[in-house]
Amino acid sequence: MGFIIKPLVTEKMTHITEKRNNRYGFVVRPEANKLQIRKEVEDLYKVSVVDVNTMNYAGKRSRRYTKAGLIRGSKIAYKKAIVTLKDGDVIDFYSNI
């Protein structure tokens with residue numbers, strides 16, 4: 001287990017969730033497949049998953065000029081999963097606050 005890294009709570013994902021009440025986003029491990037993501041969401045949140053869509057994001061190179069000179073680095077690569085739940089099921093990410 002441990003394929004889900006964190007729930008995706010961004011402005012764009014919140015807009016998608018408001019438009020369609022049964023879709024939620026997660027950042028998952030790159031080696032996770034749809035069946036593993038489905039099983040883990042069902043076990044963690046006690047909901048029924050209808051569909052799982054995944055997207056791989058490549059890490060991009062970045063550089064900036066500073067007083068010390070040119071600094072090079074890269075942004076991390078990650079995998080995102082959008083999970084569609086059965087009608088009536090809800091995940092509340094803010095219940096622990």
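All residue numbers in this chain count up from 1 along the given sequence.
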With [X], which residues qualify under side chain to side chain contact (heavy atoms under 4.5 Å, CB included), at least two apart?
X: R23; answer: I16, R20, I82, T84
X: L35; answer: N33
X: K80; answer: L8, M55, Y57, Y78
X: T54; answer: K34, I37, V52, K79, A81

E42 side-chain N/O to S48 backbone N/O, donor-acceptor pair under 3.5 Å: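 Here the side-chain-to-backbone pair does not exist.
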Path from V28 to V9 over hydrophobic side-chain contacts below 4.5 Å: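 In one cluster with V28: V9, yes.
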Taking all atoms of both residues into account, what is the closest heavy-atom pair of [X] and [Y], and its distance?
X: G59; Y: A77; answer: N-CB, 3.4 Å
X: S62; Y: S74; answer: OG-N, 4.1 Å
X: Y24; Y: M13; answer: C-CE, 3.7 Å
X: I4; Y: L44; answer: CD1-CD1, 4.2 Å

Side chain proximity check, V41 to V47, heavy atoms < 4.5 angstrom: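 They are in contact (side-chain heavy atoms under 4.5 Å apart), so the answer is yes.
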Pairwise side-chain contact, L85 with V49, heavy-atom cut-off 4.5 Å (strictly under):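 Yes. Closest side-chain heavy atoms under 4.5 Å.
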Hydrophobic cluster partners of L70 (side-chain heavy atoms under 4.5 Å):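 Members besides L70, by chain and number: Y65.
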Hydrophobic cluster of I76, others only, ordered by chain and residue number, side-chain cut-off 4.5 Å: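 Taking Ile, Leu, Val, Met, Phe, Trp and Tyr as members, I76 stands alone, with no cluster partners.
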Sequence neighbours excluded - side-chain hydrogen bond (donor to acceptor under 3.5 Å, both in side chains) pairs with any residue from residues 2-19: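 Of all non-adjacent pairs touching residues 2-19, none passes side-chain hydrogen bond (donor to acceptor under 3.5 Å, both in side chains).
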Set of residues satisfying side chain to side chain donor-acceptor pair (under 3.5 Å) with respect to D87, sequence neighbours excluded: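 N22.
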Salt bridge (Lys or Arg N to Asp or Glu O under 4.0 Å) partners for E31, two or more places apart: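 If we apply the salt bridge (Lys or Arg N to Asp or Glu O under 4.0 Å) test to E31, skipping adjacent residues, the hits are R29.
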Nearest-0.5 Å distance, CD of residue E40 to CZ of residue F3: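 Between atom CD of E40 and atom CZ of F3 there are 7.0 Å.
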